[in-house]
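The structure appears right after this line, and notes come after that.
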Amino acid sequence: MRLATWNVNSLKARQDRVDEWLGYCDVDVVCLQETKMANEQFPHDRFMDLGYHSVHVGEGRWNGVAILSREPLDDVHHSFADGLDPDQEARLITATTAGVCVTSVYVPNGRAVDDDHYKYKLAWLDRLHDHIDAVAAPSNDVLVAGDFNVAPADIDVWDTTKTSGGTHVTKPERDALARLYDWGLTDVFREHHQEPGLFSWWDYRGGAFHKREGMRIDLLLTSTSLTEASTFSLVDRTARKGKLPSDHAPVFLDVTR
DNA sequence: ATGGTCGTCCAACGA
């Protein structure tokens, strides 16, 4: 089984690239982020024609997350299942497919460490932990994948002097990831690659992609059973090249049983 | 030379 996550930075602007990508990557389950689309606009029929069931939660102009799967998607949660008020923004969707509890996440950016949005980001990550705990158990097959807007370690940024003092690399953000690890999830890409210089996002400006100046902020977190069955993980740099790319590349994970 | 690009949609703002 091949799993993937991709922040497409507007599905409207990216539909042709997404269709092309689905045509070559032979993926079974995809978590999408930043569809920037209202629910009634989401192209369920188009994805069905390409062989994928889909679930989506969107709000229109910003955010929006989806899951595509070759198998049906059941037990859908369109926001946090922690029993508190629903999130104002469309940043999380959970469904069960092919025996895996899959959650697609678009973690708030945070903007700046002195911004209220950074507080929202930390609170959101805490709620994500409680959500996962509510919908799954560590002994299940669990995938939490998406744009976390957190670089898990210094190896995940191109130059720590350039990112120091900003969001994405602070201790509270990384501590929030550690809480998910403590629950039983693993940043599975790093189980397969230990070398530096492997990123999933590059700023559109200044030729950052070609200078290899990026961050690895798109993560697949897997429970132990999936981690142990995983055989291969890859950043699909091809999808970041060419005409009208997203600023994020997809990340793949293969699980073989 | 102190910006540099996109996407949302036409003015800025978010990333």
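Lettering of chains follows the sequences in order, A, B, ..., and the numbering in each one begins at 1.
Nucleotide B:dT8 holds its C1' atom 12 Å from the CD atom of A:E59, rounded to whole Å. Taking atom CG of A:N109 as the reference point, atom P of B:dG7 lies 17 Å away to the nearest angstrom. One interatomic measurement links the two molecules: NZ of A:K211 to P of B:dT5, which rounds to 12 Å at whole-angstrom precision. Counting to the nearest Å, the P atom of B:dC13 and the CZ atom of A:R111 are 11 Å from each other. The interatomic distance linking A:E213 (CD) with B:dG4 (P) rounds to 17 Å, in whole Å. Rounding to whole angstrom units, CG of residue A:D247 and C1' of B:dG4 are separated by 15 Å. Here B:dT5 presents its C1' atom at 10 Å from CZ of A:R240, a figure rounded to the nearest Å. Atom C1' of nucleotide B:dC13 and atom NE2 of A:H117 are separated by 12 Å, given to the nearest angstrom.
Ion pair A:D133/A:R179 not flagged as a salt bridge, since none of the NZ, NE, NH1 or NH2 atoms sits closer than 4.0 Å to an Asp/Glu carboxylate oxygen. Of the charged side-chain nitrogens involved, at least one lies within less than 4.0 Å of a carboxylate oxygen, so that A:D82 and A:R127 count as a salt-bridged pair.
Every pair passing ring pair (Phe, Tyr, Trp, His ring centres under 6.0 Å) that includes a residue from residues 53-74 of chain A is listed here, sequence neighbours excluded: A:F42-A:H56.
Taking the side-chain contact (heavy atoms from CB on, under 4.5 Å) definition, one finds that A:D175 meets it with A:K171, sequence neighbours left out. Taking A:D182 as the reference, nothing meets the salt bridge (charged side-chain N to carboxylate O under 4.0 Å, His left out) condition, with sequence neighbours excluded. With sequence neighbours left out, the salt bridge (charged side-chain N to carboxylate O under 4.0 Å, His left out) criterion links A:D116 to A:K119.
Taking the nucleotide of DNA chain B with the nearest heavy atom to each of A:H248 and A:L244, the more 5' of the two is matched to A:L244. The 5' end of DNA chain B is approached more closely, in terms of each residue's nearest nucleotide, by A:R61 than by the other of A:R61 and A:E34.
Residues from residues 196-208 of chain A placing a heavy atom under 4.0 Å of any atom in DNA chain B, listed by number, are A:Y204, A:R205.
Checked against a 6.0 Å centroid threshold, the rings of A:W6 and A:Y106 do not count as neighbours.
A:S10 has a side-chain polar atom (N or O) that falls below the 4.0 Å cut-off from OP1 or OP2 of B:dT8. OP1 or OP2 of B:dG7 sits under 4.0 Å from a side-chain N or O of A:R14.
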* Asked: Does the side chain to side chain contact (heavy atoms under 4.5 Å, CB included) test come out yes or no for A:V29 and A:I67, once each step is laid out?
  -> CA-CA 7 Å; A:V29 179; A:I67 304 171; 4.2 Å; yes
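One finds the CG atom of A:D156 at 8.5 Å from the CZ atom of A:F189 (value rounded to the nearest 0.5 Å).
Across the P atoms, B:dG14 and B:dC9 are found 15 Å apart, a figure rounded to whole Å. Here, B:dG4 and B:dA15 have their C1' atoms 15 Å apart, quoted to the whole Å. Only the C1' atoms considered, B:dC6 is 16 Å distant from B:dA11, to the nearest whole Å. B:dG7 sits 26 Å from B:dT2 when the P atoms are compared, rounded to a whole Å.
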* Based on Watson-Crick and G-U pairs with both distances under 3.5 Å, what dot-bracket line describes DNA chain B 5' to 3', crossing pairs as [ ] and inter-strand pairs as |? -> ....((((...))))
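Although no hydrogens or angles enter the test, the distance criterion places no donor-acceptor pair under 3.5 Å between the side chain of A:H248 and the main chain of A:N7.
At the heavy-atom level, A:F209 lies nowhere under 4.0 Å from the strands shown.
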